[in-house]
Number of protein chains: 2
Amino acid sequence: MAAQETIRVLVAEDHHVVRQGLVALLKVVQGIEVVGEAADGVEAIAQFRKCQPNVTLIDLRMPRLSGVEVIQRIRMETPQARFIVLTTYDGDEDIYRALQAGARAYLLKGMTTDDLVSTIRTVHAGKSHIPPAIAQRLAERVGTEELTPREFDVLEQIVHGHSNKEIATALDISEATVKTHINSLLGKLGVTDRTQAATAAIQRGIVPLESLRKPKP
Amino acid sequence: MAAQETIRVLVAEDHHVVRQGLVALLKVVQGIEVVGEAADGVEAIAQFRKCQPNVTLIDLRMPRLSGVEVIQRIRMETPQARFIVLTTYDGDEDIYRALQAGARAYLLKGMTTDDLVSTIRTVHAGKSHIPPAIAQRLAERVGTEELTPREFDVLEQIVHGHSNKEIATALDISEATVKTHINSLLGKLGVTDRTQAATAAIQRGIVPLESLRKPKP
DNA sequence: CCGAATCTCCACCCTTCGATGGAGAATTTT
DNA sequence: AAAATTCTCCATCGAAGGGTGGAGATTCGG
């Protein structure tokens, strides 16, 4: 494998430092060229159209449009587009949704340069590359039922520390109904009480940690 | 301010990509030179001794030795050392401990290049630089009591979703005692039930999210 | 159009949790 | 060494949470 074509890469990542790091790392690599950068989801789509990269490195959490949405939209017009998802924390939901949306690989930001480069090459070659630890977690997720919209509402309230009575008031339903939803979502999450539900929701990224900031002073 | 001496900077950060990004960003800045890099806490101390930087950029979460410990140790032998703390997520505890330990400034990884450069200059000039949002949170923290070791044990168990009975067994105390500790820590955290305690603990970084991975299959 | 599946809702019982009040041991202050 | 503070421990009681079973409403495929 001596003379092969250069892989065109687009870097979509809102953290300046990380984006610069990726660009700097890839600049010294033979056969890979960063042809575009984007700092949010909307920009990512625009840059994709303009640069026509072979592989797109994309952060899941970005302003304006999430990484998952970007992947979905781009794949509607360019189904063969290849994505490598970047994220700091490996929450279950993010992995699942991104891979569902068509991402071929998943990298944590703590990766090594070798990880990065070999993953780009692998994905460009049309193959997928899922780390064992993540593949396992993904497998565990199979068979896990989805939460209904209402159950999700209740879970969100639980994570925010509300009592059943408060939840009932907030959602304008009876307390008994709240309990039913809770019972149902406890089963689906595979936990036995509301505290476990709350930590599971945070850990899996079902309810974002940022939403916890005290909104009632 | 035309001709001023070059600021010598040490970058201590375990994420390769981020470290590379910082170095790349600073490389093009006049008057700032990266004189060393470190990928964990132990290395950070060694590099500090070797490079004698004016300012050290340091991540709080690092292998082997945490950023806070590194700051404490270095300041024992070099009290005038200046630190800028880096972190992805602005948890209360991290901020508090790092500033207690002697850090002069606090930067989120989503910062701009201007933020980075001006903060380095400010800190090198001997001043502190705390973002308003963080200063406010820090102020709120004043008057907040510390958790006792035992209360911390109980809180950790709560976050892991254990019932009072399970906690009693795990810590080898009576269930009634568990309740006392809970009552006490609820007050100190400013919350009203265990679920709020759990989310607060995670959000403030008192109990790390990583510790939630199922450890008993 | 009708059954099947699913979402949403509710009432009852029992367990667990949180509040309160208080006592002995350990640490620090004076 | 005595006093004061703080940590640790415990029992009882009302309130909140979770388990169970079932009913009306909605959506979907045959």
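These numbers come from a predicted model, not from an experiment. Each chain gets a letter, A, B and so on, in the order its sequence line appears, and its residues count up from 1.
We find that CD of E151(B) is positioned 11 Å from P of dC9(D), with the value rounded to whole Å. Separating the CG atom of D172(B) from the C1' atom of dC9(D) is a distance of 13 Å, rounded to the nearest angstrom. Rounded to whole Å, atom P of dT8(C) lies 11 Å from atom CG of L171(A). To the nearest angstrom, P of dA26(C) lies 14 Å from CZ of R150(B). Atom CD in Q157(B) sits about 13 Å away from atom P in dC17(C), given to the nearest Å. Between H181(B) atom NE2 and dG18(C) atom P the separation is 15 Å, expressed in whole Å. What separates CD1 of I158(B) from P of dT16(C) is a distance of 16 Å, to the nearest Å. Distance Q196(A) CD to dT16(C) P: 13 Å, rounded to the nearest Å.
For the salt bridge (charged side-chain N to carboxylate O under 4.0 Å, His left out) test, residues two or more places apart in sequence or in another chain that qualify with E37(A) are R19(A). Partners of D115(A) by side chain to side chain contact (heavy atoms under 4.5 Å, CB included), not counting sequence neighbours, listed by chain and number: L107(A), M111(A), T112(A). For R104(B), there are no salt bridge (charged side-chain N to carboxylate O under 4.0 Å, His left out) partners two or more places apart in sequence or in a different chain. For E151(B), the salt bridge (charged side-chain N to carboxylate O under 4.0 Å, His left out) partners are K188(B), not counting sequence neighbours. R64(A) pairs by the salt bridge (charged side-chain N to carboxylate O under 4.0 Å, His left out) definition with D40(A), not counting sequence neighbours.
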Assign a letter to each nucleotide of nucleotides 10-26 of chain D from its 5' end: B, base within under 4.0 Å of a protein heavy atom; S, sugar-phosphate only; -, no contact. BB-----BBBB------
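Contact annotation: T148(A) does not reach the phosphate of dT6(C) (side-chain N/O to OP1 or OP2, under 4.0 Å).
Listed by first then second residue, pairs satisfying salt bridge (Lys or Arg N to Asp or Glu O under 4.0 Å) with a partner in residues 123-132 of chain B number zero, not counting sequence neighbours. Within the structure, side-chain hydrogen bond (donor to acceptor under 3.5 Å, both in side chains) pairs that include any residue of residues 41-55 of chain A comprise R49(A)-E77(A) (at least two apart or interchain).
With axes fitted over five pairs at each extremity, the angle between the ends of the helix from dG3(C)-dC28(D) to dT30(C)-dA1(D) is 50° (10° resolution).
Of the possible donor and acceptor atoms, none in the side chain of S184(A) sits under 3.5 Å from a partner among the backbone N and O of T180(A). Side chain of R8(A) to main chain of V35(A): no donor-acceptor pair is present (N/O by atom type, distance under 3.5 Å, no hydrogens or angles).
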